[in-house]
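Each chain gets a letter, A, B and so on, in the order the sequences are listed, and its residues count up from 1.
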Amino acid sequence: MKFATWNVNSLKVRLPQVLQWLAETPVDVLALQELKLDQDKFPLAEIEAAGYRAVWYGQKTYNGVALLVRAPFEIEDPVLGIPGYDDPQRRVIAATVNGVRVIGAYCVNGESIESDKYVYKLEWYARLHDYLALEVEKHPACVLMGDFNIAPDDRDVYDVEAWRDKVLCSVPERAAFEGLLALGLTDAFRVFNQEDKQYSWWDYRAAMFRRNLGLRIDHILVTDALKARATECVIDKAPRKWERPSDHAPVVITLAD
DNA sequence: ATGGCAGCGAAGCGCTGA
């Protein structure tokens, strides 16, 4: 099986790219973030025509997440949001696919470490941690993938000094990321690639993509049962080169049956 | 090595993102 995550920065704008990418890369599950569209605006017909099923949790203008599941795989036990956390921002979605519990997340950005949004980010991560603890306990085969808005390590940052203690790189954020790993999860990309300069996001400005100046903030975390099945995990930079791209690239994991 | 972009909703700019 193949699973992927992609922050599309507006599904309305990026639907053609998503459909093209799926045609070329027919993953079994694609987690999408930043749909930026209301629950009743989801382009289900186009996605079904491409051979996918979907569950989504949208809101107007901001946030919004979805799981696209390649037929005939079925979407089992979908859950929208983090149960028990009354978060007005729609950032989390889960379902079971072919025996694997899949959780897609658009984690809080935080704006800056001085911002109230940064406080919300750390609180939100604590809620995600507690939710994941329950999910991992229930589902030995569990994957959490999405836009984490955290660069876990200095290797994941194009300019370490400029970003030191800045949002996405601060010590408390990295501790929150490590807290997820402490639940028994592994950053799948780093199982296969220890290099620096491996980014998943590049700012639209200043030709940052062309110069490969970015951050690795989109991740796939897997439990040991899935880690043992993983044969590859890569960042697909190709769609970042297309016309009118998302500023994020998809991350793809391949699992043996 | 960010000013510079992009999307949205609204309105001809401000907010947000990362």
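Considering only residues two or more places apart in sequence or on other chains, A:Arg127 meets the side-chain hydrogen bond (donor to acceptor under 3.5 Å, both in side chains) condition with A:Glu123. With sequence neighbours excluded, the residues forming a side-chain contact (heavy atoms from CB on, under 4.5 Å) with A:Arg244 are A:Val13, A:Arg14, A:Gln17, listed by chain and number.
For the pair A:Arg53 and A:Glu48, the salt-bridge criterion is not met [side-chain N within less than 4.0 Å of a carboxylate O]. Using a 4.0 Å cut-off between charged side-chain N and carboxylate O, A:Asp28 and A:Lys2 make no salt bridge.
Here B:dA18 presents its C1' atom at 14 Å from OH of A:Tyr118, a figure rounded to the nearest Å. Rounded to whole angstrom, the span from the CD atom of A:Gln89 across to the P atom of B:dT16 amounts to 10 Å. When rounded to the nearest whole Å, the span between NE2 of A:His248 and P of B:dG17 equals 11 Å. As rounded to whole Å, 10 Å separates atom P of B:dC8 from atom CG of A:Leu11. Following rounding to the nearest Å, A:Asn149 (CG) and B:dG17 (P) show an atom-to-atom distance of 8 Å. Remark: P of B:dC8 and CG of A:Asn63 are 13 Å apart, rounded to the nearest angstrom. At whole-Å resolution of the value, CG in A:Asp154 and P in B:dA1 are 18 Å apart. The separation between A:Leu37 atom CG and B:dC8 atom P is 9 Å, rounded to whole Å.
If you take atom C1' in B:dG14 and the same atom in B:dA1, they sit 28 Å apart, rounded to whole Å. Spacing between B:dA10 and B:dT16 at atom P, rounded to whole Å, works out to 15 Å.
Considering only heavy atoms from C-beta on, A:Thr5 stays 4.5 Å or farther from A:Asp147 through its side chain. Considering only heavy atoms from C-beta on, A:Phe209 stays 4.5 Å or farther from A:Pro245 through its side chain. A:Tyr125 is not listed as a side-chain neighbour of A:Leu122, based on a closest heavy-atom distance of 4.5 Å or more.
In this model, the phosphate group of B:dA18 is approached by a side-chain N or O of A:Tyr106 to a distance below 4.0 Å at OP1 or OP2.
Within the structure, every pair that satisfies the salt bridge (Lys or Arg N to Asp or Glu O under 4.0 Å) test and touches residues 204-222 of chain A, not counting sequence neighbours, is listed here: A:Asp156-A:Arg216, A:Asp187-A:Arg216, A:Asp203-A:Arg205. Legend: salt bridge (Lys or Arg N to Asp or Glu O under 4.0 Å) pairs involving residues 82-98 of chain A, not counting sequence neighbours: none detected.
A:Asp247 comes within 4.0 angstrom of no nucleic acid atom, judged by non-hydrogen atoms across all strands. Nucleic acid contact for A:Leu213: base, since at least one base atom lies under 4.0 Å from a heavy atom of the residue. Within 4.0 Å of A:Glu161, counting heavy atoms only, lies no atom of the nucleic acid at all. The residue A:Lys60 sits close only to the backbone: its heavy atoms come under 4.0 Å of sugar-phosphate atoms, none of a base.
A:Trp163 and A:Trp201 have perpendicular rings, their planes meeting at more than 60° on a 0 to 90° scale where under 30° would count as parallel.
Nearest-nucleotide positions on DNA chain B for A:Val108 and A:Lys12 put A:Lys12 closer to the 5' end. Residues A:Cys107 and A:Arg211 each lie close to DNA chain B; by heavy-atom proximity, the contact nearer the 5' end of the strand is made by A:Arg211.
Of the candidates B:dA18, B:dG7, B:dG9, B:dG7 carries the atom nearest the A:Ser10 side chain, counting heavy atoms from C-beta on.
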Strictly under 3.5 Å: I want the nitrogen or oxygen pairs between protein and nucleotides 4-6 of chain B, one per line.
{"from": "B:dG4", "atom 1": "OP2", "to": "A:Arg205", "atom 2": "NH1", "distance (Å)": "2.3"}
{"from": "B:dC5", "atom 1": "O4'", "to": "A:Arg205", "atom 2": "N", "distance (Å)": "3.4"}

Are there any protein N/O atoms within less than 3.5 Å of an N/O atom in nucleotides 11-15 of chain B, and if so, which ones and at what distance?
none

